[in-house]
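Since the structure comes first, as structure tokens, the remarks are kept for the end.
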Amino acid sequence: MGLNEIIDRVRAAEQAAGRAEGAVELIAVSKVQPDARVEAVLAAGHRVFGENYVQEAQGKWPGWKGRHPGVRLHMIGPLQSNKAKAAVGLFDAIHTLDRMSLARKLVAAIEAHGTAPELFVQINTGDEPQKAGILPDELAGFLEQIRALGLNPQGLMCIPPESGDSTPHFRLLRRLAESEGLPGLSMGMSADFESAIAEGATHIRVGSAIFGARDYSAKG
Ligand SMILES: *Cc1c(COP(=O)(O)O)cnc(C)c1O
């Protein structure tokens with residue numbers, strides 16, 4: 001299990017960046033992983049996890065939450081509007097708010113549920129046509145619209161293009177968050193979390209470096 005090594009690397013990166021120990025929240029991304037691997041990380045005391053699929057998370061987390069007090073779940077995958085209600089019931093944070101139709105569904109779900117998850121607006125920093133997210137130029141207007149609905153986002157999230165250096169994307173996300181007065185920065189994955197920490201990440205999403213490679217064929 002790679003948890004301890006990753007925690008050590010997070011602490012070292014915090015220190016190298018002159019940031020306080022524990023300034024960065026390590027989200028262990030457990031999507032598609034075999035139960036035994038997730039249980040090992042729970043047994044080691046880790047409590048913050050990320051999932052991409054509402055249905056998969058609904059199947060496995062209620063039981064683990066019951067047995068491991070203090071678990072906090074982050075939704076980091078694309079969220080269909082018709083799953084907004086289930087997501088608000090299960091997740092403590094949603095990192096993928098990327099459109100008005102979803103914002104409206106979240107408002108209704110939060111009202112019905114009585115508590116609100118922490119919200120991050122996903123930004124398409126690479127302006128990639130196939131990728132979800134608000135374009136940087138459209139962020140100010142989007143924030144104005146969702147705040148008018150009563151939503152109170154805490155930060156921004158990005159998934160940089162697969163090839164190339166992530167650092168310019170992390171810098172762009174940070175600049176956008178600063179100009180909008182948002183404290184949260186969800187950025188950095190297994191391959192680049194240390195540079196994300198250097199650029200100010202408050203939340204990193206690390207899957208395979210903790211759990212091992214994902215086998216999508218196993219779970220369909
Ligand atoms: C799967 C996923 C991760 C984790 O990726 P690794 O490369 O395994 O660390 C992080 N963020 C998002 C949005 C993901 O979908």
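Sequential numbering from 1 along the given sequence is applied to the chain's residues. Scope of the values below: all heavy atoms of this structure, side chains included, with no hydrogens, waters or symmetry mates. Counting convention: from 1, in listed order, for ligands and their atoms alike.
- Ligand 1 has at least one atom lying under 4.0 Å from a heavy atom of Arg214.
- Every atom of ligand 1 is numbered from 1 in the order shown, and the set under 4.0 Å from a heavy atom of Gly207 is 4 (C), 6 (P), 8 (O), 9 (O).
- In terms of protein heavy-atom proximity, atom 5 (O) of ligand 1 is closest to Met189 CE, 3.5 Å.
- Nearest protein neighbour of atom 12 (C) of ligand 1, counting heavy atoms only, is Ile76 CD1, 3.5 Å.
- Side-chain atoms of Thr202 come within 3.5 Å of backbone N or O of Leu185 as a donor-acceptor pair.
- The closest donor-acceptor contact from the side chain of Asp192 to the backbone of Ser195 lies at 3.5 Å or more, if one exists at all.
- Distances below 4.0 Å separate heavy atoms of Asn52 from the following atoms of ligand 1: 14 (C), 15 (O).
- Those atoms of ligand 1 that come under 4.0 Å of a heavy atom in Lys31, given as number and element, are 1 (C), 2 (C), 3 (C), 14 (C), 15 (O).
- Remark: minimum distance from atom 11 (N) of ligand 1 to any protein heavy atom is reached at Arg205 NE, 2.9 Å.
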(request) Report the C-alpha distance between Asp98 and Thr96 in whole Å, list the side-chain angles of each, state the deciding distance to 0.1 Å, and finish with yes or no for side-chain hydrogen bond (donor to acceptor under 3.5 Å, both in side chains). (result) CA-CA 6 Å; Asp98 62 353; Thr96 48; over 6 Å; no
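- For atom 9 (O) of ligand 1, the closest non-hydrogen atom on the protein side is Ser190 OG, 2.5 Å.
- For Arg99 and Ser81, the side-chain atoms include at least one donor-acceptor pair closer than 3.5 Å.
- Not one N or O on the side chain of Lys85 forms a donor-acceptor pair closer than 3.5 Å with the backbone of Ile110.
- Arg47 places a side-chain N or O within donor-acceptor distance of the main-chain N or O of Leu42, the cut-off being under 3.5 Å.
- Close N/O approach between Ile159 and ligand 1 is not found [any backbone or side-chain N/O within under 3.5 Å].
- Interface of Val206 with ligand 1, defined as ligand atoms under 4.0 Å from a residue heavy atom, comprises 9 (O).
- Just one of Glu51, His68, Glu56 meets the side chain to side chain donor-acceptor pair (under 3.5 Å) condition when paired with Trp61; it is Glu51.
- Summarising the geometry, atom CZ belonging to Phe120 is positioned 7.5 Å from atom CD belonging to Gln154; distances are rounded to the nearest 0.5 Å.
- In summary, the atoms of ligand 1 found under 4.0 Å from a heavy atom of Ser208, numbered by their order in the structure, are 6 (P), 7 (O), 8 (O), 9 (O).
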